[in-house]
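Worth knowing before you read on, the calculation uses all heavy atoms, side chains too, and leaves out hydrogens, waters and symmetry mates.
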Amino acid sequence: MFSGIDEVDWASMEHAYGPADDVPELLRGLASDDPAVREAALDGMYGAVHHQGDVYACTLACIPFLFELVEDPGVQDRGGVVELLTSIGGFDLDEDDEAEFDEDEIEGAANYAMAAAAVTAGAGVFFELIADEDPGVRLAAPLALATLHRHPVRVLTLLRERLPVEPEEEVRLALVEAAGRVALRHRPLAERVAEWLNRLAGRAHSPGLRLAALAQLARCSPDGLPGDVVPVVAGLLREMRSAPEECGDRGDGGDGGGHAPPGATAAREDDEPEPGPDPAPDTEPVEHEAVTAAETCRGEHVTTPTLVGQLRSSAAQENAGRGAPWAADLLRTLHVGLDDRVGDRTALLADQLRSPDRRQRIDAVRMSGGLIRAWRGPYEELVALVGEQLSDPEPRLAEAASHVLEELFGLAAPAADALAARLAADPGGWVKTWASGPPGLGSTVKAMARLGDARAVPALAAALELPQVAHDVGFAVGHLGAAARPLTGALRRRLAEVALDEGAYDRASPLLAGLTGLRAGEAAPEVLRVLRGAPEYRGEWLRTAALRALGSFGPAAREAVPELRALVRRPGTASATEAAEALWAISGDAEAVLPALIEGLRSDQVHDRRAAAVALGALGPRAAVVAPRLRGLLAHEELWLRVDAAIALWEVSGRPEETTEALLTAWERSRHVRVRVAECLARMGPVPQGSAAAHVLRSELASVRRHNAMDGGYGSHDIHEDEKLLALCRQALRGTGKGTTT
């Protein structure tokens, strides 16, 4: 094995962490008899040679040796190597992708293409591995074939032939998943795959296999799902709970017919004759994952201090005691396939949340968060059911529920009483501490505060008495608004105690944020102390927070006027713009602030120009003199500056026509500006019937997808921002009058 490995000039190549001269050791480690060495070697391959899916020259050089490993039956854990090869060779590069690469990325693109060609050229070996004695290899081989082989009809035929004779349940599910992948990558075969999946879902197979068939059907041909998919799936889940399947339980024999020995294939009466040339593929990107196959079919693995080892250990803990640990993955696949069928998905999750199986409820809580995060809909029942999990004695379930509710803001209202009960029962969870970094509020406290529920106030009061104040306490106070007024004294006292040294910003900013949210003008003396004594380290950030607080106080902060006037006399600086904004809010002296703000519009920094535009807009008609300058910014290359300038132009001129056109153009260019644009349209209101603005707002309200939903990532305020956008759109169409929204 590994003939010629020492003749490769590994030292001349690089991987993610430098010279690739350690690659031969990693490859040999994959063939080691020691499971810990194999684990570490696989971790090294993913961590360096195939780092985050990248393909380097050394990755290409590894491919022949990886194939040697998977072909040698004496090598253990070959399933992991099959998965590695699938990831390396599974990158699809079409013409549109090629057009997007710049010169610096051309070499990387060429590596992906060469890797795909090299692994695809050797993909025939996976046909033999689909009947390998090692169940871990059989678990990985189907997806490798579906992803890499050039003849999808042959692959599909083999998958269907293998299913009746495969003894391991999870491998059977992998065969079904691979058929779904074939349908996604080769759309002309989708109808044939869908017909087969429908037959699998409807016959007297094991509930796990039927659920897998429905999940893949939802993924590749959702229109083919039965109309009663929710009660069908709910019934399958009940069957799985009453008779949990294990990895070695092959159920009822799968596709029907007699039992053949491992490695044999069986003809099927519903197999269709294999046509001639393969249809042209309709490709789909391949996910790159370090650990994709379930571990229960791979035997025991030692725990190692590697990423792969930690993932396996975490998965083992998560799935401990589960009769069907793969059920959650099947349900996630089904939910993804159901896509915008929010009613069906909500009903299915509601059923899952009523399950007597706590693990199934944990999965359902997490999936509920994903659904609400991406799609708009009526979620009152679902949220109430999530709230019911807060009282469960299983800590993982209650914690998962509180984290989901934390992101919902106003949508968490149906769970308010459940949150309050958990808050009262668990004072130890009010503040979370870590080995490093400042403490933070517990998720239940944040969920209650974001609801504006005054029952969160005692928890915040307790947090303010701790030696180190939680970093997010100020934001929680801001969400509570007037209900948190009793906290003003504690906020002032703690701010007065802050030492104005290098750690001042970290300690003072939560307190300043809270006072800003309360508009607590009586705290002006404490805020002025911070403004005057801000240290050099992060001093600019600290002054910004202090000026924002003073501005929120309005006329109640008159004692700050001399200090602010002094800052305004330094035009062209960020502090001058921020001080001018605060001075206007406190004194209403337009003549004092206008020169500094006009100078701010000339700044070289886009951020400073945006701040000046926003501040000028607050002056309204008193800043009409800057209208030509703002109008000139409507053509600026920076989108956000164009938006801020357009809004300010309307505020100072009172003429909506040119502003509306610029705002709607920005709306179409970027979803991220939509809340800001909608705020302006709502204040302009009412939007004329039949106008372009009315059409845009109604289209937004008609969309089921949240405007800021992202695949593969999300922010903690995404739901709140989208719900705010919807409220603003309705307000703009109703014409409820001018005024700001929060």
Does a donor on one side chain sit under 3.5 Å from an acceptor on the other, for [X] and [Y]?
X: Glu191; Y: Ser221; answer: no
X: His403; Y: Glu407; answer: no
X: Thr147; Y: Arg181; answer: yes
X: His15; Y: Asp22; answer: yes

In this structure, CG of Leu725 is separated from CG of Asn708 (nearest 0.5 Å) by 8.5 Å
Please check: side-chain N/O of [X] versus main-chain N/O of [Y], any donor-acceptor pairing under 3.5 Å?
X: Asp722; Y: Ile719; value: no
X: Glu68; Y: Phe2; value: yes
X: Arg138; Y: Glu133; value: yes
X: Arg187; Y: Ala183; value: yes
X: Arg396; Y: Ile362; value: no

Answer yes when Glu406 and Lys446 have at least one side-chain N-carboxylate O distance shorter than 4.0 Å, and no when they do not. yes
Are Asp132 and Arg162 ion-paired here, with the side-chain N under 4.0 Å from a carboxylate O? no
cation_pi(Arg706, Trp375) dist<6.0 Å, angle<=45: no
[X] [atom1]: over 12 foreign heavy atoms closer than 6.0 Å:
X: Asp33; atom1: CG; value: no
X: Glu71; atom1: CD; value: yes
X: Glu638; atom1: CD; value: yes

Within the 6.0 Å centroid threshold, strictly below: Tyr56 and His50: no
